[in-house]
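Accompanying notes for the structure given below.
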Amino acid sequence: MARLNNSKQSGGIPTHVAIIMDGNGRWAKKRGLPRTAGHTAGAATFRHITRYASRIGIKYLTVYAFSTENWKRPADEVNALMKLFHKQLVESLTDFRDDDVVVRFIGDKSGFSDNLQKLIAETEEVSKDRNGMVLNIAMNYGGRDEILRAAKLLCEDCMSGKISADDITKEMFAQKLYTANQPDPDLIIRPGGEARISNFLLYQAAYSELYITDTLWPDFSEDDLIRAIDYYSKRNRRFGGI
Ligand code: FPP
């Protein structure tokens, strides 16, 4: 079993880990199952890894559950995903409560059904005063959309005379992102082997370390997370310096 040795000794546990939960479809195909079975298996992994991440001391976990581009998938798959989100949110409430996890949603919530929006609001409300790990669930999320939204919000502030364009700083811009007041991700993990960022946390990922593994998301285990953290703990982060 992989151990946390290096990361623990060097204080190398990343504060903010982000995960692109990819490979559900391929996992199902390999087993001759419908793609939706892969998403169901992926949802179980999501719950397990979330609990584990909070127990090993990660402070922020952001998972990519549904992108602004995922609506292009066949209607059957999109409908199944919406049902799955609903079921998972209801069921995972207890898991997350026991672990004191604060649940937040990043993305354009208005794209979801009234029912799902209500559940999202309830989930955020009941967990907002907890003290544990912050879990950001990215749903109907796109990095470009988020940046555009931030630019529009700043434009409004300029037009109403609250600020002037010359005064806008990187910090002010970050305050208009869904992740306002949160640290940028230290480590982005992509299971499923694809080496791309797929419109995820485009602004926040400027200096994130990337860890790509061929393991498909439903198979992603505690050991895989520890391997990613060990990889991270050995990186020499320079943030553009030398
Ligand atoms: C990408 O794999 C995965 C998704 C689009 C869905 C991810 C959703 C879950 C794991 C459910 C989590 C539930 C909550 C409430 C957060 P893919 O279908 O693109 O896989 P492929 O690349 O193998 O086709």
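Just so it is clear, the model here is predicted, and its values are computed rather than measured. In each ligand, atom 1 is the first atom listed, and ligand 1 is the first ligand listed.
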Hey, is [X] close enough to [Y] for a salt bridge, meaning N to O under 4.0 Å?
X: Arg227; Y: Asp230; answer: no
X: Lys109; Y: Glu124; answer: yes
X: Asp108; Y: Arg149; answer: no

At a non-hydrogen distance cut-off of under 4.0 Å, which region of [X] contacts ligand 1 (side chain, backbone, both, or neither)?
X: Asn70; value: side chain
X: Arg35; value: side chain
X: Lys87; value: neither

Is there a polar contact, in the sense of an N or O pair closer than 3.5 Å, between [X] and ligand 1?
X: Gly25; result: yes
X: Gln88; result: no
X: Asn24; result: yes

Task: Geometric cation-pi criterion, Arg73 with Trp71: 6.0 Å, 45° - done: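 Relative to the ring axis of Trp71, which defines the angle, Arg73 lies outside at least one limit.
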
At a 4.0 Å threshold, what atoms of ligand 1 neighbour a non-hydrogen atom of [X]?
X: Ile137; result: 16 (C)
X: Arg73; result: 5 (C), 17 (P), 18 (O), 19 (O)
X: Ala65; result: 4 (C), 5 (C), 6 (C), 7 (C), 8 (C), 16 (C)

Open item on the list: Can you tell me if Gly23 contacts ligand 1 (heavy atom of the residue under 4.0 Å from the ligand)?
Closed with: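 Per 4.0 Å heavy-atom rule, Gly23 contacts ligand 1.
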
Open item on the list: Taking only non-hydrogen atoms of Phe46, do any sit less than 4.0 angstrom from ligand 1?
Closed with: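 So Phe46 counts as touching ligand 1.
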
Task: Near-ring test Phe173/Tyr203, centroid separation under 6.0 angstrom - done: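 Centroid separation for Tyr203 and Phe173: below 6.0 Å.
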
- [ ] Measure from the ring center of Trp217 to the ring center of Phe46 and say whether it is less than 6.0 Å.
- [x]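 Centroid separation for Trp217 and Phe46: 6.0 Å or greater.
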
Task: Heavy-atom closest pair, residues Arg35 and Ala28 - done: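 So the two residues come closest at CA-CB, 3.9 Å.
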
- [ ] May I ask you to identify the nearest protein heavy atom to atom 1 (C) of ligand 1, giving residue, atom name and distance to one decimal place in Å?
- [x]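 The closest one turns out to be Met21 O, 3.3 Å.
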
Task: Which residue and heavy atom of the protein sit nearest atom 17 (P) of ligand 1, plus the separation - done: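 Result: Asp22 OD1, 3.6 Å.
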
Open item on the list: Regarding Gln204 and Gln182, do their side chains bring together a donor and an acceptor under 3.5 Å, going by distance alone?
Closed with: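 Checked: Gln204/Gln182 side chains show no N/O donor-acceptor pair below 3.5 Å.
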
Task: More than 12 heavy atoms from other groups under 6.0 Å of CZ on Arg144 - done: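 Open: at most 12 neighbouring heavy atoms sit under 6.0 Å from CZ of Arg144.
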
